[in-house]
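Read the structure below first, then the notes.
Scope of the values below: all heavy atoms of this structure, side chains included, with no hydrogens, waters or symmetry mates. FYI, the numbering just counts along the sequence from 1.
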Amino acid sequence: MMDKGLVAQTGLISHGRGEAFDYLMGEKSLEPSLKAERAAAAYLLRAKNPVVCVNGNAAALDPCNLIALAKEVPAKIEVNIFHRTEERMKLLISHMEENGAGEVLGKDPDARIPGLSSDRALCTKRGIYESDVILVPIEDGDRAKALADMGKVVISIDLNPLSRTSKTAAVSISDEMTRALENIIGYVKEMRGRHDIIEETIRTFSNERNRKEIVEEICSSLRSEFDKGV
């Protein structure tokens with residue numbers, strides 16, 4: 001995907017960092033990850049204008065599940081990238097459309113996210129700018145904070161529970177992206193129309209506690225490996 005122009009070279013570094021944490025988690029969805037994914041589904045179902053945000057890495061890794069989630073909620077899809085060129089935007093939007101997306105926003109921005117000087121500030125008014133809940137897989141910390149500062153519920157998918165994005169998000173999902181998306185889709189189907197369960201899920205979810213549990217799970221896994229003599 002980098003050779004095709006969809007992924008920037010620096011995106012490979014981001015992906016590598018995430019893979020390292022996946023190994024530490026045993027390459028599976030941990031219990032705290034599932035709690036966060038259930039909370040994410042609840043927030044998306046309750047949202048008035050939910051948006052699934054797509055960057056180069058996300059589009060390359062799993063366009064089909066991004067699209068499936070957006071259709072299931074339903075939510076808008078908007079492409080937003082740091083290393084923005086017209087050619088990359090066209091490639092990414094075409095890539096999403098070829099994988100089954102309907103309308104994909106982002107090519108013609110008409111608004112800006114306050115507090116950002118990079119091209120990541122460029123967005124559409126009816127998509128990212130006016131969203132109340134936004135899913136941001138493999139996000140950079142600056143934009144996650146800027147979105148949170150706008151009052152949005154930011155749901156991140158970031159394997160590193162200690163990243164700036166994970167610390168900023170209202171719901172920090174520390175899980176591999178495909179597993180996370182499939183789990184969220186499952187919870188959306190399970191909770192649709194069950195407003196009492198949606199509200200209870202949101203009310204009882206603590207992102208701070210959940211992030212702490214993820215770190216504890218990683219530490220426990222490492223101690224277990226050393227106990228085996230590895």
Side-chain angles (χ1 to χ4, degrees), residues 1-2 4-18 40 43-44 47 49-63 66-67 69-70 75-97 101 103-174 177 180-181 207:
M1 289 299 180
M2 189 192 77
K4 291 180 179 179
L6 275 74
V7 176
Q9 284 186 329
T10 52
L12 302 183
I13 299 170
S14 300
H15 181 68
R17 289 200 305 265
Y43 273 111
L44 287 166
N49 187 25
V51 168
V52 173
C53 191
V54 177
N55 61 16
N57 279 36
L61 288 169
D62 196 349
L66 289 165
I67 294 163
L69 175 60
K76 297 182 178 75
I77 296 175
E78 181 162 342
V79 171
N80 179 280
I81 52 178
F82 186 86
H83 299 286
R84 182 185 178 110
T85 64
E86 289 303 311
E87 181 61 23
R88 266 195 86 203
M89 290 296 294
K90 288 178 182 177
L91 283 170
L92 285 165
I93 290 171
S94 295
H95 179 67
M96 296 300 291
E97 290 173 343
E103 182 182 25
V104 180
L105 303 173
K107 183 176 178 293
D108 300 309
D110 55 2
R112 292 185 66 91
I113 300 167
L116 293 177
S117 57
S118 71
D119 284 347
R120 294 222 74 176
L122 299 173
C123 64
T124 66
K125 187 175 181 182
R126 66 190 184 93
I128 288 173
Y129 191 82
E130 291 185 344
S131 65
D132 54 344
V133 177
I134 182 166
L135 177 74
V136 288
I138 317 175
E139 186 60 83
D140 70 77
D142 289 345
R143 198 174 78 103
K145 183 178 185 306
L147 291 168
D149 287 345
M150 291 177 73
K152 303 181 186 304
V153 173
V154 176
I155 301 168
S156 66
I157 301 177
D158 187 331
L159 276 156
N160 180 1
L162 303 175
S163 71
R164 288 182 302 156
T165 298
S166 292
K167 290 177 180 178
T168 298
V171 181
S172 307
I173 300 170
S174 295
M177 195 182 84
L181 292 171
N207 199 52

message: Please report the interatomic distance CG(Leu105) to CD1(Ile77), rounded to the nearest 0.5 Å.
response: 9.0 Å
- prompt: How long is the span from the CE atom in Met177 to the CG atom in Asp62, to the nearest 0.5 Å?
  reply: 5.0 Å
field: Closest non-hydrogen atom pair, Thr124 against Ala111
entry: C-CB, 4.3 Å
- request: Verify, without hydrogens or angle tests, whether Ser166 (side chain) and Leu162 (backbone) share a donor-acceptor contact under 3.5 angstrom.
  value: no
task: Please answer whether the main-chain N or O of His83 pairs with a side-chain N or O of Arg88 as donor and acceptor at a distance below 3.5 Å.
output: yes
task: Indicate yes or no for a side-chain donor-acceptor contact from Asp119 to the backbone of Phe82 under 3.5 Å, with no hydrogens or angles considered.
output: no
query: Is a side-chain N or O of Glu78 found less than 3.5 angstrom from the main chain of Ile128, in a donor-acceptor match?
result: yes
task: Using atom types as modelled and distance alone, determine if a side-chain donor or acceptor of Asn80 lies under 3.5 Å from a backbone N or O of Leu122.
output: yes
query: Is the closest side-chain donor-acceptor distance between Asp158 and Ser163 under 3.5 Å?
result: yes
task: Kindly indicate whether the side chain of Leu61, heavy atoms from C-beta on, has any atom under 4.5 Å from the side chain of Ile138.
output: yes
task: Would you check if the side chain of Asp132 reaches a backbone N or O of Asn49 as a donor-acceptor pair within less than 3.5 Å?
output: yes
message: One thing to verify: whether Asp140 and Arg164 come together as a salt bridge, which I'm taking to mean a side-chain N less than 4.0 angstrom from a carboxylate O.
response: no
task: First locate atom NZ of Lys167, then atom CG of Asn207, and finally report the distance between them rounded to the nearest 0.5 Å.
output: 12.5 Å
Side chain to side chain contact (heavy atoms under 4.5 Å, CB included) evaluation trace for Ile155 with Ile173: CA-CA 7 Å; Ile155 301 168; Ile173 300 170; 3.8 Å; yes
- prompt: Closest heavy-atom contact between Asn160 and Ser174?
  reply: C-OG, 4.2 Å
message: Looking at every heavy atom in both Met2 and Leu12, which two are closest together, and how far apart are they?
response: SD-CD1, 3.5 Å
- prompt: Is there side-chain contact between Ser172 and Ser156, with at least one heavy-atom pair below 4.5 Å?
  reply: yes
field: Partners meeting side chain to side chain donor-acceptor pair (under 3.5 Å) with Glu103 (sequence neighbours left out)
entry: Arg126
- request: Identify the heavy atoms of Met89 and Lys107 that sit nearest to each other, and give their distance.
  value: CE-N, 4.0 Å
Asn55/Val79 under side chain to side chain contact (heavy atoms under 4.5 Å, CB included): CA gap, chis, key distance, verdict: CA-CA 6 Å; Asn55 61 16; Val79 171; over 6 Å; no
message: What I want to find out is whether Arg143 reaches Glu139 closely enough, with some N-O distance under 4.0 Å, to be called a salt bridge.
response: yes
query: Are Lys76 and Glu130 ion-paired here, with the side-chain N under 4.0 Å from a carboxylate O?
result: no
From CA spacing to verdict: side chain to side chain contact (heavy atoms under 4.5 Å, CB included), Asn57, Leu6: CA-CA 8 Å; Asn57 279 36; Leu6 275 74; over 6 Å; no
- line: Between Ile93 and Gly106, the two heavy atoms sitting closest are CD1-C, 4.5 Å
message: So which atom in Val154 and which in Ala144 form the shortest heavy-atom distance, rounded to 0.1 Å?
response: CG2-O, 4.0 Å
message: If you count heavy atoms of other groups shown closer than 6.0 angstrom to NZ of Lys145, is the number above 12?
response: no
task: Test Val136 against Ile157 for side chain to side chain contact (heavy atoms under 4.5 Å, CB included), laying out the working first.
output: CA-CA 6 Å; Val136 288; Ile157 301 177; over 6 Å; no
message: Between His95 (side chain only) and Ala60 (backbone N and O only), is there a donor and an acceptor less than 3.5 Å apart?
response: no
message: Tell me if a side-chain donor or acceptor on Lys152 pairs with a main-chain N or O of Ser131 at a distance below 3.5 Å.
response: yes
field: Counterpart residues, side chain to side chain donor-acceptor pair (under 3.5 Å), relative to Arg112 (two or more places apart)
entry: none
